[in-house]
**Student:** 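I'd like to ask some things about the structure below.
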2 protein chains.
Amino acid sequence: MPEPTQTKASPNNMADTDIAIVRIAPETSFKNKAYEALKEAILKMDIYATPEPVMLDERALSERLGVSRTPIREAIAMLEQDGFVKTVPRRGIVVVRRTKAEIVDMIRAWAALESMAARLITTTARKKDITALRDFFKDFGPDRLPQDHVEEYSKANIAFHQALISLSESPVLVDLTNDLLLHVRGYRQLTIGRKDRTATSLPEHLGIIEALEARDTELAEKRARDHTLGLAAYVEAHGQELFT
Amino acid sequence: MPEPTQTKASPNNMADTDIAIVRIAPETSFKNKAYEALKEAILKMDIYATPEPVMLDERALSERLGVSRTPIREAIAMLEQDGFVKTVPRRGIVVVRRTKAEIVDMIRAWAALESMAARLITTTARKKDITALRDFFKDFGPDRLPQDHVEEYSKANIAFHQALISLSESPVLVDLTNDLLLHVRGYRQLTIGRKDRTATSLPEHLGIIEALEARDTELAEKRARDHTLGLAAYVEAHGQELFT
DNA sequence: TCATAGTTTTTGGCATGCCAAATACCAGAA
DNA sequence: TTCTGGTATTTGGCATGCCAAAAACTATGA
């Protein structure tokens with residue numbers, strides 16, 4: 001379960017000279033530093049490139065990061081909760097590889113969460129915030145097609161989806177989808193062949209925005225859901241060769 | 001992110017005398033035992049009963065469980081990933097209390113996932129499995145009203161929802177909702193005043209089942225969503241006095 | 001009595017070292 | 001050369017002990 005993303009400042013009213021002293025920087029521990037470092041490293045590496053499973057070594061990592069094994073082990077335990085690694089007792093720590101079915105499954109869950117976000121947005125978000133979603137695609141149009149700038153469009157795409165979810169004002173939806181995205185994105189071959197999907201993507205995005213602006217709850221929900229379910233179907237249909 | 005629930009037996013074909021030797025019991029480590037024990041303890045305690053935050057002590061726990069602090073700390077790190085506890089550097093480990101807004105938010109996410117499950121079920125589940133969902137409520141009817149046996153109905157209720165999600169054959173949906181349920185259930189005052197909601201619950205459940213049987217994807221999704229969103233609205237409206 | 005400086009205690013963070021299981025490696029026999 | 005038994009090595013699991021920050025406590029003085 002995700003943490004609430006916020007770090008609420010305690011509203012305790014002290015004396016009159018209350019200068020919003022929140023509490024000095026928690027100086028992130030080695031454990032957390034190791035967690036972040038390992039997580040980033042895992043997301044950066046291309047897990048699906050090699051047929052052999054990717055292994056991690058506690059001692060090597062501790063040496064690499066300049067800390068003892070203890071904080072490393074705690075970080076590994078956290079990553080295992082996230083589902084990024086799996087430690088096998090006297091064998092080693094292996095970076096988890098997702099099957100196509102699992103990726104598709106995750107995208108479906110993502111679709112569920114995003115459609116709920118769309119639903120909430122129609123009832124609470126401000127008009128200007130909704131309209132601002134168009135800016136993510138302002139560099140694309142009939143004269144500058146997304147399919148001709150796949151990499152760039154891909155970034156705008158992800159930014160759009162994250163901004164969309166954020167508009168729901170729901171920390172749980174935000175955190176859950178971010179977690180899912182991390183897993184799905186790790187499967188970067190998703191980029192391959194995305195070209196033929198990119199063409200339909202932009203109009204669908206705009207359709208979602210329009211429904212949101214119209215405060216059409218049911219339509220916005222449906223469009224958001226179908227759009228992401230479309231991706232799931234695409235991966236399911238065109239992804240087999242990408243998994244060993 | 002949740003682990004896939006399965007523990008797939010490796011299908012490596014050895015010699016001819018392959019007697020399905022799967023791999024001796026992994027003998028769960030102290031770390032995992034501690035994790036399970038602490039998790040259960042946290043879920044069992046009534047966090048919202050006292051106004052003071054509930055604290056945990058590493059040393060006390062290690063003594064209590066008869067292990068050293070190391071596996072305890074690793075278990076704590078895992079629980080922190082789950083969002084059950086929060087360790088504050090030189091202060092202690094505090095069991096996280098959810099605000100009403102957070103609980104409502106979680107229920108909404110749950111609604112999203114469950115409606116997607118309903119959607120999937122209409123296209124893949126077997127008729128007999130869907131019909132079997134009625135069994136959870138076979139002990140209730142016009143002559144034996146749910147609101148007269150709230151405790152019993154509550155258990156049937158949860159069992160029904162979990163069985164429903166399972167029918168989706170989606171490990172991700174199952175794991176995510178289970179995680180959410182653990183947090184929501186911890187807020188056990190949810191039981192209070194549930195009596196007036198129980199009356200409408202049963203018909204709604206049956207309505208969901210009917211839509212599933214009719215393979216009406218849209219209707220099943222809508223009914224599942226609205227049912228759980230109804231709970232969210234209920235908590236939002238009637239739950240303020242339950243949070244300090 | 002109350003404020004304050006100084007001391008002790010508590011508490012999580014972390015380094016170290018040993019253990020046993022699993023594996024890799026190697027020499028000797030067939 | 002190949003199989004086999006045994007030994008060295010690797011690897012995660014865990015116990016221990018010390019450290020510094022923060023809190024609790026105490027003695028001192030106005």
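A, B, ... follow the sequence lines: proteins, then strands. Residue 1 opens every chain.
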**Student:** Can you tell me the distance, in whole Å, between the CZ atom of Arg59(A) and the P atom of dC14(C)?
**Tutor:** 19 Å
**Student:** Provide, to the nearest angstrom, the distance between the CZ atom belonging to Phe30(B) and the P atom belonging to dG12(D).
**Tutor:** 19 Å
**Student:** Give the ring-plane orientation class for Phe84(A) versus His183(A), where under 30° counts as parallel, over 60° as perpendicular and anything between as tilted.
**Tutor:** parallel
**Student:** Rounded to whole angstroms, how far apart are CG on Leu61(A) and C1' on dT11(D)?
**Tutor:** 12 Å
**Student:** Mind checking what makes ring pair (Phe, Tyr, Trp, His ring centres under 6.0 Å) contact with Phe30(A), not counting sequence neighbours?
**Tutor:** none
**Student:** Does a side-chain N-to-carboxylate-O contact under 4.0 Å join Glu74(A) and Arg73(B)?
**Tutor:** yes
**Student:** Parallel, tilted or perpendicular: which fits the ring planes of Trp110(A) and His161(A), with parallel below 30° and perpendicular above 60°?
**Tutor:** perpendicular
**Student:** Could you check how far NZ of Lys31(A) sits from P of dG13(C), rounded to whole Å?
**Tutor:** 5 Å
**Student:** Whole angstrom is fine here: how far is it from CD in Glu63(B) over to C1' in dT16(D)?
**Tutor:** 15 Å
**Student:** Report the residues that fulfil side chain to side chain contact (heavy atoms under 4.5 Å, CB included) with Arg108(A), sequence neighbours left out, ordered by chain and then residue number.
**Tutor:** Val104(A), Asp105(A), Leu229(A), Ala232(A), Glu236(A), Leu120(B)
**Student:** Could you write out each protein N or O paired with an N or O of nucleotides 6-10 of chain C at a distance under 3.5 Å?
**Tutor:**
none

**Student:** Would you kindly give the CD-to-C1' distance between Glu58(B) and dC14(C), to the nearest whole Å?
**Tutor:** 11 Å
**Student:** Please give me every residue in residues 66-77 of chain A whose heavy atoms get under 4.0 Å of an atom in DNA chain D, ordered by residue number.
**Tutor:** Arg69(A), Arg73(A)
**Student:** Report yes if a side-chain nitrogen or oxygen of Thr28(B) is closer than 4.0 Å to either non-bridging phosphate oxygen (OP1 or OP2) of dG13(D); otherwise report no.
**Tutor:** no
**Student:** In whole Å, what is the span from the CE atom of Met78(B) to the C1' atom of dG13(D)?
**Tutor:** 14 Å
**Student:** Does Lys44(B) come within less than 4.0 Å of Glu40(B), counting only side-chain N to carboxylate O?
**Tutor:** yes
**Student:** Nearest-Å distance, NZ (Lys86(B)) to C1' (dT11(C))?
**Tutor:** 16 Å
**Student:** Going by side chain to side chain contact (heavy atoms under 4.5 Å, CB included), name the residues that satisfy it together with Ser68(B), two or more places apart in sequence or in a different chain.
**Tutor:** Thr70(B), Pro71(B)
**Student:** Are any of the side-chain heavy atoms of Thr87(B) and Glu80(B) separated by less than 4.5 Å?
**Tutor:** yes
**Student:** Who pairs with Glu63(A) by salt bridge (Lys or Arg N to Asp or Glu O under 4.0 Å), at least two apart in sequence or on another chain?
**Tutor:** none
